[in-house]
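Below is one structure; the comments refer to it alone.
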Amino acid sequence: RREIHVLSRLRHPGIVRILDHGADAGLPWYAMELLEGLPLDEHCTRQADADRLREALRLVHSLCAPLAYLHGEGLVHRDLKPANVMVVAGAQPVPVDVGLLQRFGDAGRGSLEVDGGAAGAAHYVAPEQVRGEVPDARADLYAMGVVLYQCLSLVRPFESASLLELIHLIDAGQYVPLAERRPELPPALCAVVARAMARRADERFASTEAFGQALSAQQNTRYRLAEMAAAITVHERFLDSCVDSLMRHELDTATASIAKLSCTELEDHVVDGCLQLFGGYGYMREYPISRFYADSRVQRIYGGTSEIM
């Protein structure tokens with residue numbers, strides 16, 4: 001009843017509302033607003049591979065606002081998982097099944113029971129919860145990291161047929177890193193997921209807002225890549241027209257110089273921009289961007305960025 005009372009007082013557009021509550025034959029009940037949509041995991045599964053990264057980032061980032069509100073009220077959700085997030089009208093994620101809310105510091109309510117009375121779904125609970133420690137907001141951030149991992153890879157990081165073995169894996173932090181399971185993903189994004197899923201709570205993001213800012217940076221990456229792709233497409237069309245003119249013996253010196261100058265400048269701009277997106281990883285030779293950057297730098301050295309040769 002205490003949890004129902006707490007839920008009924010919450011007012012946020014991203015949190016399902018309690019419309020009424022009471023008791024029948026001594027048993028408490030409550031009625032929530034009806035949501036029409038799909039669970040988060042099913043929604044992500046239906047996305048095309050090319051759209052899954054963008055959509056997963058958008059949805060998990062959108063979850064940060066209602067979670068920040070809960071944490072601001074001194075509450076922890078404790079049961080975040082894809083099945084407990086409804087994507088309403090194909091756009092807005094709404095956390096549901098929030099009956100496991102607890103206030104920070106409520107002793108004895110954060111442990112995972114091996115006998116089946118689990119405080120939250122086992123695959124998504126933080127290591128401190130499986131150890132029986134009292135969770136705080138960082139336990140929800142851990143669950144968000146697991147959810148994002150699953151949305152991006154379509155598999156859960158921790159899997160075992162034995163609950164005891166599953167608890168051991170979570171407590172030890174033994175899982176296949178997202179960067180290994182999906183090597184095509186940006187290393188910076190994989191680092192965000194790994195930090196959210198850090199075994200020690202003090203190594204995770206300090207707040208939901210900090211986690212949301214890290215996700216926003218990854219969303220901005222998509223916009224920057226789209227901008228680069230648009231510029232490349234425009235220059236490809238221009239270069240194709242120059243080749244056609246050359247084949248017809250109509251290409252003049254001025255147009256050829258413009259093509260060389262603009263395409264060379266664009267190459268440097270795109271390579272430099274992509275190197276920044278990779279951060280320190282961009283200077284490691286096993287990443288293609290590092291080799292592209294070296295080739296681009298050599299061209300600038302022997303020819304000059306804007307020199308017409």
Side-chain angles (χ1 to χ4, degrees), residues 47-62 64 148 151-152 177-195 205 210-309:
Q47 300 299 308
D49 290 341
D51 300 328
R52 188 172 299 120
L53 172 59
R54 173 188 56 79
E55 186 68 354
L57 285 174
R58 183 187 70 81
L59 291 172
V60 175
H61 180 262
S62 298
C64 290
L148 183 54
C151 288
L152 292 172
L178 183 61
E180 294 182 16
R181 198 177 291 277
R182 291 286 306 277
E184 73 278 11
L185 292 177
L189 173 59
C190 296
V192 170
V193 176
R195 183 177 176 185
F205 292 94
F211 180 55
Q213 290 173 1
L215 294 179
S216 292
Q218 298 305 311
Q219 290 178 301
N220 290 338
T221 296
R222 302 288 293 179
Y223 299 141
R224 292 179 64 186
L225 289 174
E227 180 182 0
M228 294 177 192
I232 291 173
T233 300
V234 170
H235 278 71
E236 285 178 340
R237 299 296 182 270
F238 174 54
L239 190 58
D240 288 343
S241 69
C242 290
V243 172
D244 290 340
S245 297
L246 177 63
M247 297 300 292
R248 297 192 302 269
H249 305 286
E250 297 175 357
L251 182 64
D252 59 84
T253 303
T255 303
S257 299
I258 292 173
K260 194 278 176 185
L261 172 63
S262 61
C263 290
T264 304
E265 291 281 2
L266 179 65
E267 175 196 11
D268 295 337
H269 173 74
V270 170
V271 171
D272 288 348
C274 290
L275 183 75
Q276 294 172 10
L277 295 179
F278 274 82
Y281 291 99
Y283 294 97
M284 300 171 65
R285 292 292 294 176
E286 56 264 35
Y287 287 93
I289 184 61
S290 176
R291 299 190 290 273
F292 296 155
Y293 177 73
D295 292 342
S296 177
R297 287 291 296 171
V298 168
Q299 180 168 308
R300 285 181 242 186
I301 291 171
Y302 73 68
T305 302
S306 304
E307 182 177 338
I308 306 299
M309 294 185 294

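Computed from heavy atoms alone, side chains included, the values below leave out hydrogens, waters and symmetry copies.
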| query | If we only count heavy atoms from C-beta on, is the Phe292 to Cys274 side-chain gap below 4.5 Å? | reply | no
| remark: So CG of Leu59 and SG of Cys151: to nearest 0.5 Å the spacing works out to 7.0 Å
| field | Any residue meeting side-chain contact (heavy atoms from CB on, under 4.5 Å) with Glu236, in chain and number order, not counting sequence neighbours | value | Ile232
| field | Reported OG-to-NE2 distance for the pair Ser296 and His269, which is rounded to 0.5 angstrom | value | 12.0 Å
Donor-acceptor pairs under 3.5 angstrom involving side-chain atoms of residues 180-192: please list them, not counting sequence neighbours.
{"from": "Arg181", "atom 1": "NE", "to": "Tyr149", "atom 2": "OH", "distance (Å)": "2.9"}
{"from": "Arg182", "atom 1": "NE", "to": "Glu184", "atom 2": "OE2", "distance (Å)": "2.2"}
{"from": "Arg182", "atom 1": "NH1", "to": "Leu152", "atom 2": "O", "distance (Å)": "2.1"}
{"from": "Arg182", "atom 1": "NH2", "to": "Glu184", "atom 2": "OE2", "distance (Å)": "2.7"}

| field | Side chains of Arg58 and Glu55 in contact at under 4.5 Å (non-hydrogen atoms) | value | yes
| task | Any chance you could measure Ile258, atom CD1, to Thr253, atom OG1, to the nearest 0.5 Å? | result | 11.0 Å
| How long is the gap from CD on Gln47 to CG on Leu53, to the nearest 0.5 Å? | 11.5 Å
| remark: Correct closest heavy-atom pair for Phe238 and Ser262 would be CE2-OG, 4.1 Å
| Shortest non-hydrogen separation from Tyr293 to Val271 and the atoms involved | CA-CG1, 3.5 Å
| query | Once you round to the nearest 0.5 Å, how far does CD of Gln218 lie from CD of Gln213? | reply | 13.0 Å
| request: Using atom types as modelled and distance alone, determine if a side-chain donor or acceptor of Thr264 lies under 3.5 Å from a backbone N or O of Lys260. | output: yes
| All pairs passing salt bridge (charged side-chain N to carboxylate O under 4.0 Å, His left out) where residues 238-254 contributes a residue, at least two apart | Arg248-Glu250
| said: Can you tell me how far apart CZ (Phe205) and CG (Leu215) are? Round to the nearest 0.5 Å. | reply: 7.0 Å
